[in-house]
Amino acid sequence: MGAKKAEAKAIEALLADLNEPQREAVCHGDGPLLVFAGAGSGKTRALTYRIAYLIEACGVAPESILAVTFTNKAAGEMKERIRTLIGDRAAALWAGTFHSMCARMLRRHGRAIKVEPNFVIFDTPDQMALIKEALSVVDVDQKEFKPPDVHQRISAAKNELIGPTEFRRTRKGPFDEIVGRAYRIYQEKLAQNNALDFDDLIMRAVQLLREAPEVREHYQDRFGYVLVDEYQDINFAQYTLVKLLGEKHRNVCVVGDDDQSIYGWRGADVGIILDFEKDYPDAHVVKLEQNYRSTQRILECANEVIAPNRGRAPKRLWTDAEPGESVTVYEAVNEQEEAYYVASCISRAVQERRRPYRDFAILYRTNAQSRVLEEAFLTQGLPYRIVGGVRFYERREIKDLIAYLRVLLNPADSVSLRRIINVPTRGIGDKTVAVLDRLAYENAGSLLEACRAAQGSAELSARAQAAVERFERMIARLSEQAQRLTVTKLTNNVLEQSGYLEMLEKDGTAESAARAENLKEFLSLTQKFEQSHEEASLSAFLEHVALLSDIDESDDSENAVAMMTLHSAKGLEFPVVFMVGLEENIFPHQRSMRDERELAEERRLCYVGLTRAQEQVTLTHCRRRTIYGQTQECEPSRFLKNLPEEHVERYDEVSRLFATEPKMEELAQAPVGGAKLDLVSILRRARENAVLAREREKEERKAASTKMAAARPGRPGTTMSAGERPKRRTGKMRAASQGYQGFRAGEKIIHPKFGKGIVVSCTEAEVTVAFPDQGVKKLSLDYAKLERASSR
DNA sequence: GGTTATGGATTTTTT
DNA sequence: ATCCATAACC
């Protein structure tokens with residue numbers, strides 16, 4: 001009786017959360033649907049609510065819905081949000097990345113196109129190793145034909161579904177001639193290793209659907225509804241895949257924003273989203289233009305920055321929120337001073353406005369720019385975290401360990417075998433490996449088989465033979481264990497029996513200790529995996545690892561300022577955003593200067609950066625900057641010229657001071673008592689006065705303008721509207737102060753091995769410490785025996 | 001077989 | 001300036 005009523009009520013409640021265009025997208029029934037979702041317009045909300053609506057209101061079975069994203073993070077978030085909407089029924093829908101979906105299809109049905117179900121997935125370094133091998137077969141100079149360049153060409157070809165044969169037929173020119181030959185050999189080598197690279201996953205999945213009619217039918221029938229997120233990032237191969245899957249029911253819903261297309265350089269084609277209506281003339285088009293994230297002024301700036309681009313789908317972000325503060329443009333003397341300025345602004349805001357550090361993000365165009373910022377933060381003792389950068393699974397020790405595990409699962413994986421055959425060193429040098437390689441080639445077998453064949457053969461010295469035999473026996477022993485032990489136990493045994501841990505321990509350097517720590521971390525990962533997965537087999541684990549990018553996904557509950565590239569910032573939001581290095585040749589980047597299309601992409605990148613901010617934006621640029629050891633005069637970025645003056649406040653007093661008083665700079669750089677006197681310390685007083693004056697001015701103005709407004713709860717500058725809520729408030733609540741188990745940012749400590757260091761940040765479980773000689777390390781509070789250095 | 005010197009390049013990143 | 005790869009060394 002009440003069940004129907006309750007359900008109707010639930011649906012009503014669902015729709016009440018939405019604005020008009022969102023509701024239009026969510027309630028659209030059958031047929032193709034294109035949703036242009038501007039930045040901060042509640043895109044994920046529309047997508048997840050639509051899925052919930054299809055299931056709840058339209059009675060669509062969850063298992064007939066396919067939702068595809070590009071990253072694991074996005075897929076995870078989507079699943080989680082749908083689960084909160086409809087509960088455990090969400091588990092039945094297919095929600096995943098393009099790559100995981102393809103891997104799944106290929107494992108199940110790949111046999112039809114001669115893909116073994118137990119294939120391994122080669123990541124970038126594996127791929128590079130194979131490319132190098134292929135190039136040495138082609139016998140060309142690898143300085144002229146650089147592996148990354150060749151790989152890039154092959155990858156681009158795969159993204160366009162062009163195989164080696166077609167490549168050689170259609171691509172002419174001296175470079176592509178070589179690439180074509182390398183491509184063929186590269187594919188052969190992948191097959192020998194029973195491996196697919198990332199691009200193969202998509203390309204072969206398309207091939208599977210094209211060439212195996214019964215498989216195509218199966219999936220076309222199954223997926224009554226196909227939804228794709230971030231459609232502006234799609235490449236031709238992925239597009240073809242989506243088209244094939246959706247061909248039967250034509251219930252294809254794509255969501256994206258052409259203005260946020262920033263991955264053209266890796267094959268994404270904005271044209272695809274813009275041409276959606278060409279493929280589906282009957283497509284319903286919805287535009288989400290109301291923004292729930294930023295203040296009016298920030299949106300005005302973003303709108304003006306993106307406006308000059310041609311060929312956009314017309315749209316303009318708007319908001320109900322208040323105008324908010326002006327966008328600040330600050331001219332710094334050089335990059336050190338720029339960093340110092342940003343650090344001081346944040347430090348001041350934390351103290352005076354009681355904002356936590358985690359409210360701030362600093363965005364830059366290139367990774368190299370982070371260093372100066374880090375130095376400024378370290379000297380000022382401010383906590384920060386770098387988002388992106390070196391990934392956990394790319395660290396050498398982790399790759400080594402994974403290589404061991406891969407060999408145990410897939411004895412044909414010669415790339416992994418070569419990686420570990422002499423790690424730790426066990427007397428199997430390049431010469432021995434070369435002989436083994438030849439044996440493998442002659443017998444058309446794997447490298448591991450060659451290790452067996454080498455026994456008793458006259459090809460190797462007795463010593464080499466003994467070493468190879470010992471190695472082969474160890475692998476055989478571990479392989480046997482792999483059959484019956486859990487992944488964690490097996491991993492433990494690998495570390496012990498291979499001598500890997502022993503090698504690190506013997507080394508005794510701080511770096512080795514850090515590596516050992518990382519391996520421990522890996523063990524906690526295998527445990528977590530076993531707890532959370534039904535089928536915790538070695539192969540399931542390795543697939544999990546291969547398709548997962550950031551195992552140690554930076555913990556955004558950590559109270560620290562986030563630093564990252566503009567690319568990494570996509571999809572995130574922060575109350576306060578600093579974008580640094582807004583100079584010609586930096587942003588837009590020098591390499592994009594020649595090409596109109598690339599310049600348009602840089603502009604979109606700037607738009608993405610601006611639209612990350614909820615309340616405040618500061619853009620900085622330098623008068624001078626040292627690049628590659630060369631100091632240059634820098635021109636402000638063209639993007640700064642597009643900002644509407646009425647929403648901008650420009651500050652360049654400090655740098656003007658230096659322009660008018662050149663002696664001051666000379667003085668600043670003159671050596672004093674053998675050491676260079678810090679420019680920054682000279683500047684400090686001048687700028688602090690300027691900043692103080694400015695803050696005072698701002699406060700006064702705000703006091704005047706808000707006098708009549710009624711006191712309202714919540715932070716100034718944002719409006720919480722029903723549609724969208726800031727994501728980051730929901731995380732674990734932590735004490736607002738930074739000191740957890742005693743350590744706070746800036747504190748000086750002593751580590752038994754690494755010596756003196758400065759605490760960068762500290763959470764409940766671990767503390768990040770910068771050591772002058774060893775770099776920045778994360779230490780577990782349980783293990784690390786840290787002592788306070790008596791500072792005075 | 002492991003370690004140090006030289007040369008060359010040096011956007012962005014996911015899977 | 002600095003990082004990485006390869007090449008010449010011990």
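Nothing here was measured: the structure is a model prediction, and the numbers come from that model. Throughout, protein chains are lettered first and strands after them, A, B, ... in sequence-line order, and every chain is numbered starting at 1.
- Note on Q127(A): nothing from the nucleic acid sits closer than 4.0 angstrom, heavy atoms only.
- Residue N72(A) has no polar side-chain atom (N or O) positioned under 4.0 Å from OP1 or OP2 of dT14(B).
- Counting only heavy atoms from C-beta on, R365(A) has its side chain closest to dT11(B) among dG2(B), dT11(B), dT15(B).
- Within 4.0 Å of Y263(A), counting heavy atoms only, lie sugar-phosphate atoms of the nucleic acid but no base atom.
- Closest to the side chain of N367(A), out of dT13(B), dG1(B), dT15(B), is dT13(B).
- Here W265(A) packs flat against the base of dT12(B); its ring centre is closer than 5.5 angstrom to the base's six-membered ring, tilted by less than 30 degrees.
- L196(A) comes within contact range of no nucleotide atom at all, as no heavy-atom separation falls under 4.0 Å.
- Backbone-only engagement by N422(A) is indicated by non-hydrogen atom pairs under 4.0 Å involving sugar-phosphate atoms exclusively.
- Inspection of the H567(A) and Y263(A) side chains reveals no N or O donor paired with an N or O acceptor under 3.5 Å.
- DNA chain B lies under 4.0 Å from at least one heavy atom of each of the following residues of residues 581-592 of chain A: H589(A), R591(A).
- For the pair S100(A) and dT15(B), the criterion of a side-chain N or O lying under 4.0 Å from OP1 or OP2 is not met.
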| field | Annotated protein contacts, base or backbone, on nucleotides 1-10 of chain C with a non-hydrogen cut-off under 4.0 Å, one of B, S, - each | value | BSS-------
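- OP1 or OP2 of dT13(B) has at least one side-chain nitrogen or oxygen of S568(A) nearer than 4.0 Å.
- For Y239(A) and F98(A), the distance between ring centers is not under 6.0 angstrom.
- Just one of D126(A), D123(A), D400(A) meets the salt bridge (charged side-chain N to carboxylate O under 4.0 Å, His left out) condition when paired with R419(A); it is D400(A).
- Annotation: ring-ring contact (aromatic ring centres under 6.0 Å, His included) contacts involving residues 126-161 of chain A, sequence neighbours excluded, comprise F145(A)-F175(A).
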